[in-house]
Peer 1: 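This is the structure I want to talk about, given as structure tokens.
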Amino acid sequence: MEKLDLYENEEKPERALLVEVNTGEYDAETSLAELYELVSSAGAEPFGAITQNRPTYDNATCVGSGMMEEIADFCEKHEIDLLIFDCELSPTQIRNIEQISKVRVVDRTMLILDIFAARAKSKEGRLQVELAQLKYLLPRLSGKGTSLSRLGGGIGTRGPGESKLETDRRHIRRRIDTLREQLEAVEKHRSQITRRRQKDGVVTVALVGYTNAGKSTLMNTLTQAGVLAEDKLFATLDPTARSLKLPNGATVMLIDTVGLVRRLPHHLVQAFRSTLEQAATADIILNICDASSAEAQEHLKITKDLLSELGCEGRPVIPVFNKCDLLPAANIIPFMGNSVRISAATGAGIDKLLSAIEDNLPIKSKRVKLLLPFSQSGLAAQIRREGTVENEEYTDIGLVLTAQVPSTLDGSIGKYIIE
């Protein structure tokens, strides 16, 4: 009997060549470094990078014919599987580049969408990512197939028919409408939860900031939430909410949000806007940044600009410099107003962060036990309307009420408090 040779299937990461076109629009070197991290987070192997300085992008191949030939030769010589451009390419550019290089082409937006698709776990996250992908794909269907799907051959099929392109577009638009309806239902449910928290006097604290700044690690340190925390971009996408008890006894709701990145595709900003807007309704915002990054100040600014866009002016924002344990000396971090320096990994500075949260707590409500005379039925109704009643009992001498009462009623209820 002939002996069979068995081979183990081994999945090798795709070998990717990164292409940067520097038009002076942004810091190309910093953006390319970030692209390296994005590619690694997506599971590919960055083999190298080619940078070209140009006044504008070439309409046909983004980099021009001469550079395109060099890229094609490099891909053939080093067996490159994937070309990744640090910009957004048009369908024509992608088609031309693939024809010349014989290598699959991905642009920056497609790369980030792919990472989001791999990391989204919740129903809402998957809906948001699919919506962003379809919005990106819709204008790029041109040229992907013009074969006719309905040609003469029976009643109802005569005439020019309908091209596959038109069918695909209609199908995608229909799916986009369905996704929007489903997201609206999810957002309605979340808004109900938010309103309930506000009525119950729950103070919310939102963690916002650049991706990989350590938001998930901080969430785990403060609340033992068990959120995935890895040294990669967009390790977690789905928002997490956990209760946090402060040293002064007050309890707040800590909410983690999706991380940010330079030139985040507008399709994703639109799709995840409802998630990001949780920061806009928070009572306190923690702007987390990686203190060990040379771009820490820029990261803070990117987050601050987005918060302004979401309408967060007037809310307390605490800049939090995380990963200070990776710095040789903490004093190299510039002092910024009410900023706090911490290490979520080691726990250093967490006490100062909790104190900063306490200092910025709004006076929401307090839990009291009241004995209201029957003549104060109007005050009881006001407490039910503006506060949250936990328990009420009618006795011979009046109504005993346990409730969360807003501070605006302090003057009215003071003489009726029994606990």
Side-chain angles (χ1 to χ4, degrees), residues 20 22-38 40-41 51 86-87 108 112 205-219 221 229-236 256-266 268-269 272 276 279-280 282 284-346 348-350 352-353 355-357 359-360:
E20 177 73 52
N22 182 13
T23 61
E25 182 182 353
Y26 49 83
D27 188 336
E29 184 177 345
T30 302
S31 184
L32 183 60
E34 186 173 85
L35 187 65
Y36 265 95
E37 293 187 61
L38 287 169
S40 298
S41 295
T51 302
D86 192 25
C87 59
R108 180 185 177 88
I112 296 177
V205 180
L207 301 178
V208 299
Y210 216 71
T211 181
N212 205 28
K215 296 188 301 298
S216 297
T217 302
L218 180 58
M219 171 72 89
T221 300
E230 292 185 284
D231 186 16
K232 60 172 65 173
L233 303 188
F234 303 117
T236 53
D256 191 10
T257 59
V258 66
L260 309 177
V261 72
R262 268 185 195 80
R263 293 152 54 217
L264 190 66
H266 67 277
L268 279 175
V269 173
F272 279 81
L276 292 169
I284 302 171
I285 299 170
L286 304 183
N287 187 353
I288 317 294
C289 78
D290 180 357
S292 65
S293 170
E295 300 294 315
Q297 296 291 336
E298 181 65 19
H299 294 175
L300 283 174
K301 183 179 182 300
I302 291 172
T303 307
K304 184 179 178 182
D305 291 344
L306 179 65
L307 292 175
S308 297
E309 184 183 332
L310 293 173
C312 297
E313 291 88 351
R315 299 183 185 275
V317 178
I318 304 173
V320 180
F321 290 91
N322 188 25
K323 304 186 183 182
C324 289
D325 55 310
L326 302 180
L327 294 172
N331 57 12
I332 68 174
I333 304 173
F335 183 77
M336 294 178 55
N338 62 338
S339 63
V340 181
R341 304 170 184 179
I342 68 165
S343 170
T346 66
I350 295 298
K352 295 180 180 178
L353 175 61
S355 296
I357 294 175
D359 292 341
N360 287 276

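Since we're looking at a predicted model, the values are computed, not measured. Numbers here are sequence positions counted from 1. These values consider heavy atoms only, across backbone and side chains, with no hydrogens, waters or symmetry-generated copies.
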Peer 1: Mind listing the closest non-hydrogen atom pair of Cys324 and Ala291 along with its distance?
Peer 2: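 Distance-wise, the nearest heavy atoms are SG-CB, 4.1 Å.
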
Peer 1: Among Ile357, Asn322, Ile318, exactly one meets side chain to side chain contact (heavy atoms under 4.5 Å, CB included) together with Val340. Which residue is that?
Peer 2: Ile318

Peer 1: State plainly whether the residues Lys323 and Asp290 are in salt-bridge range, i.e. N to O under 4.0 Å.
Peer 2: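 The answer is yes: the pair qualifies as a salt bridge.
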
Peer 1: Rounded to the nearest 0.5 Å, how far apart are CG of Leu353 and CD1 of Ile288?
Peer 2: 7.0 Å

Peer 1: Working to the nearest 0.5 Å, report the span between OG1 of Thr217 and CG of Leu207.
Peer 2: 11.0 Å

Peer 1: First locate atom CG of Leu35, then atom OG1 of Thr30, and finally report the distance between them rounded to the nearest 0.5 Å.
Peer 2: 12.5 Å

Peer 1: Taking atom CG of Asp86 and atom CD of Glu34, what is their separation to the nearest 0.5 Å?
Peer 2: 8.0 Å

Peer 1: Taking only residues two or more places apart in sequence or in another chain, which ones pass side-chain contact (heavy atoms from CB on, under 4.5 Å) with Ala348?
Peer 2: Ser343, Thr346

Peer 1: Under the side-chain contact (heavy atoms from CB on, under 4.5 Å) test, which residues partner Ile350, sequence neighbours left out?
Peer 2: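 For Ile350, the residues satisfying side-chain contact (heavy atoms from CB on, under 4.5 Å) (neighbours in sequence not counted) are Leu218, Thr221, Leu222, Ile342, Leu354.
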
Peer 1: Let me know which of Asp27, Asn22, Thr51 forms a side chain to side chain contact (heavy atoms under 4.5 Å, CB included) with Leu32.
Peer 2: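 That would be Thr51; it is the only one of Asp27, Asn22, Thr51 passing the side chain to side chain contact (heavy atoms under 4.5 Å, CB included) with Leu32.
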
